[in-house]
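Presented below is the structure to which this report refers.
All of these numbers come straight from a predicted model, not from anything done at the bench.
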Amino acid sequence: MVKKKLLKKLSLALVGATLLSIVAVGCSNTNSASNASDKKVTLKMALWGDDEYKYMTETSKIADAYKKVHPNVTIEVEKIAKTEYDNTMKIRSTANQLPDVFPIRQANLSLYGDTMVPLNDLKATENNLYAKETMIKGNVIGLPEAVFNEFVFYNKNIFKEYNLEIPKTWDEFLKVCQTIKDGKKYTPLAMGLKDSWVNYPLNEYMPMLEAGDGQYYNKMATKDDPFTKGQPFYNAYTKIQKLYDAKVFGDDPLGYGWDQQRAMFVAGKAAMFAAGSWYKTDYNQNGGKDENLGVFLLPTRNTTSDPFYTTAMTEFFWGVPKTSKNQKEAKEFLEWFFGDYYTQLVSTLSIKPTMKGVSYNDKFFTQAFDGVDAKSVTVFYDDKYNKVKNAMKFDVNGIGQQMVAGKTSLDSIMNDLNAQWKKARGN
Amino acid sequence: MFKNTDLKMQKNLVLVTFLFIPTILISLFMIYPLIRLVALSFTSWDGLNPTKTFVGLQNFKKIIFDSPEVWVSLKNNGVYFVGHLLFIPIELFLAFLLDQRVRFSKMFKTITFLPYIINTVAVACMFIFLYSSQDGVLNSMLQFFHMDKIGWLSDPKIVNYSLTGVSIWKFSGIHIILFLAAFQSLPTDMIEASIIDGASTFKQFYHIVLPNIKPVVEIVLFLNVRGALQIFDIPYVMTSGGPNHASETFTIQTINTAFQYQNFGLACAMAIVLMIIIIIFSIIQKKLFNLKG
């Protein structure tokens, strides 16, 4: 009985002590944070890139590196799954819980126009090659970390087998596809159109290449009938239709998707693969061997005397939200991030840099630019275009699927688009 | 012992104590979001901007009069509804067989229920490979019998039926188990009496079993309406609503409207329209079902 009472008292004392210590610790933390002369700050950072996260938390710990320069600042890095990132950020924005520093995907940049702090006055902005080209409502709200070019990856052995040269014009490209198709051994171009997005190098980017303008969609938003015959969009889609009609993606391209497309190319069942430079890592991770892999720029021009355009897609726009309580520190962090740390990061991860003076020497991709005087057009979608796009639910990738299905003529698709576009602009 | 008022107070206290937590939970996770949903449906909010512009009934007007794609997606939902509806008699029959009328019925019950407990994404991935045009099992079988390949997921005319097949494979198990539970709760004396009276198996089923399991049939019918109109995961994983929106369902449309086309206001209005459609369909179905009685 006495033992029981003793135990009861002891446990009560323990619980009491624990509660007291929790309260004391809680109080001491707030006090030290608010009273310290050198304000202690924790900057929360979120990102979606696997490689960047690994680099920042393992290879070269960003928190430790920044602590050396700013001992009062602690960096917390959080990785959010690539597929969940956009929605997670939207939800956090609604709840006023955005991290202090985070990258925005270019497709969503205009959406964050009123949410982010302008970065116009930063030195990093001045030194960024693309920041001024990607302003929203006259402000730089994000600094792009990387730039991607689009390529056609090809299997060197298959090209050797059919004695094929790197194509320099659209017709030559079609001819290469046809030659491989006639061989009846390989799928000329792997494109698993069950996942509609895979056609983006064609259906999304070719109108810009045809116009020689990375902001062509923004210009389309100022017209009522940009899909009319003779306009860059129509001309580009006529070329794409020729490729789709040649049936060079296999028996039933709408019946297989991205995963099977990748598997086909790595297994050597397909000769070519259209994607951005980001695909190279994926290829290697899936067991693809570099000695068989070649790369060239998608030739969309009509003749060799026409200019050779290629797209440059900027991505990972680092910014600071207006809701951040540590805006000054977050901006200072961005200034630091785009300095030496950035140079090391892009060099280690083989990222094409966006900052002036940062060298880039990726031999693999450089081969694609040999022998062609390629001009880069920077892809950017502004607010006006996004408004029209969202109002009419404009989906270029879906149109690609429709073209492959071949049930509707191109003219009919274009007329329909013109009508919908005009109506959406009117709204 | 106690005064009348004390007892009343105690009763109230017990009531409040027991109802406090569920009421808070329901208010927090159902009523509050519903109120927010209704409020947002009258705005043109893009999902991020701090300002939410009030647009009145414009979103509802747009859905009803100016969004043909929404009605096309509802038609796709209709394929799931009809497919499952046609399968209900078969499910009933299978449940009837599994109710001790076949050998190894326990094993078959487990097999029947198994698809329901497998993760839908896993089921969808499995069927992607089954339906695939590149080395897919179904097309390989067709080729083995010298038949032409079928675009299970690529032909806009076929894709919805292929997806409905997956949905039936996944969900018929739970219907069968529900029917089975209803059969097993039937009092045996009624069946025994009918056997003594010389009723055939069909007559037993039609005149005794069916009227007695009516509430369960009603639940299954309601689940069918709700499930068919809200179907999302199977088409989303298998086709993302493609090719060219041919297999887009109402929920996929709603999600794309919110997250792909940044129109949360319109998407909220679509969610409310869907809720109303489900209620209307359930009422009609209930009335039709009880017409005879």
Side-chain angles (χ1 to χ4, degrees), chain A residues 86-87 89-94 96 98 104 107-108 110-116 187 190 192-197 249-261 263-264 269-270 322-323 386-387 389-395 397-405 407-408 413 423 427, chain B residues 36 40 44-52 55 58 62 66-70 125 128-129 131-136 138-139 143 148-159 162 237-248 253 255-267:
Chain A
D86 294 341
N87 292 344
M89 286 303 154
K90 277 180 197 165
I91 292 162
R92 288 193 185 177
S93 170
T94 315
N96 280 338
L98 280 171
I104 305 167
N108 292 330
S110 65
L111 201 64
Y112 283 83
D114 297 324
T115 314
M116 307 302 282
T187 302
L193 285 161
K194 189 171 73 58
D195 295 319
S196 68
W197 66 269
F249 307 137
D251 289 347
D252 182 15
L254 292 168
Y256 69 93
W258 166 246
D259 286 332
Q260 283 152 305
Q261 169 183 335
M264 277 164 72
K269 287 181 181 176
K322 284 178 182 167
T323 49
N386 279 326
K387 267 186 189 157
K389 179 196 142 195
N390 294 338
M392 73 172 265
K393 297 186 178 175
F394 181 51
D395 174 18
N397 307 120
I399 298 167
Q401 287 184 321
Q402 196 180 0
M403 288 162 77
V404 171
K407 304 256 158 86
T408 325
I413 295 172
K423 198 173 164 193
N427 287 339
Chain B
R36 289 281 292 171
L40 284 174
S44 61
W45 189 45
D46 62 6
L48 209 72
N49 209 310
T51 49
K52 299 176 180 85
V55 292
Q58 206 176 299
K62 190 173 164 58
D66 196 20
S67 299
E69 74 278 2
V70 170
C125 289
I128 284 174
F129 285 98
Y131 283 141
S132 174
S133 62
Q134 304 291 121
D135 313 321
L138 286 180
N139 276 335
Q143 280 186 316
D148 286 338
K149 279 184 178 181
I150 292 175
W152 299 101
L153 300 177
S154 59
D155 190 335
K157 285 181 186 158
I158 294 173
V159 62
S162 307
V237 177
M238 290 185 71
T239 62
S240 312
N244 191 29
H245 311 278
S247 62
E248 228 164 45
Q253 272 274 344
I255 283 168
N256 286 345
T257 304
F259 293 103
Q260 195 179 336
Y261 300 112
Q262 328 295 356
N263 201 337
F264 274 69
L266 185 65

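Residue A:Met264 touches chain B through its side chain alone, counting heavy-atom pairs closer than 4.5 Å. Heavy atoms of A:Thr115 lying under 4.5 Å from chain B belong exclusively to its side chain. With a 4.5 angstrom heavy-atom cutoff, A:Ala391 touches chain B only via backbone atoms. In this structure, the portions of A:Tyr112 lying under 4.5 Å from any heavy atom of chain B include both its backbone and its side chain. For B:Asn256, no part sits under 4.5 Å from any heavy atom of chain A, backbone or side chain. For A:Asp86, no part lies under 4.5 angstrom from a heavy atom of chain B.
If you run side-chain contact (heavy atoms from CB on, under 4.5 Å) between B:Pro243 and each of A:Leu193, A:Leu254, A:Val404, only A:Leu254 comes through.
A:Lys393 pairs by the side-chain contact (heavy atoms from CB on, under 4.5 Å) definition with B:Glu69, B:Gln253, B:Thr257, B:Tyr261, not counting sequence neighbours. By the side-chain hydrogen bond (donor to acceptor under 3.5 Å, both in side chains) test, B:Asp66 is found to be paired with A:Lys423, residues two or more places apart in sequence or in another chain being considered.
Within the 3.5 Å criterion, the main-chain N or O of B:Gln262 finds no donor-acceptor partner in the side chain of A:Lys90. With hydrogens and angles disregarded, a donor-acceptor distance shorter than 3.5 Å links the side chain of A:Lys194 to the backbone of B:Met238.
Remark: A:Trp197 CH2 to B:Ser240 OG distance equals 10.5 Å, nearest 0.5 Å. In this structure, B:His245 NE2 and A:Asp395 CG are separated by 4.0 Å, a value rounded to the nearest 0.5 Å.
Salt bridge annotation for B:Lys149-A:Asp252: absent, with no cationic side-chain nitrogen under 4.0 angstrom from a carboxylate oxygen.
Residues B:Asn263 and A:Asn390 are not in side-chain contact: their nearest non-hydrogen atoms beyond the backbone lie 4.5 Å or more apart.
Here the shortest heavy-atom pairing between B:Ser154 and A:Gly255 reads CB-N, 3.5 Å.
Between A:Gln402 and B:Asn244, the side chains place a donor N or O and an acceptor N or O closer than 3.5 Å (distance only, hydrogens not considered). When only modelled atom types and interatomic distance are considered, A:Asp114 and B:Asn49 share a side-chain donor-acceptor pair under 3.5 Å.
A:Lys322 NZ: more than 12 foreign heavy atoms inside a 6.0 Å radius.
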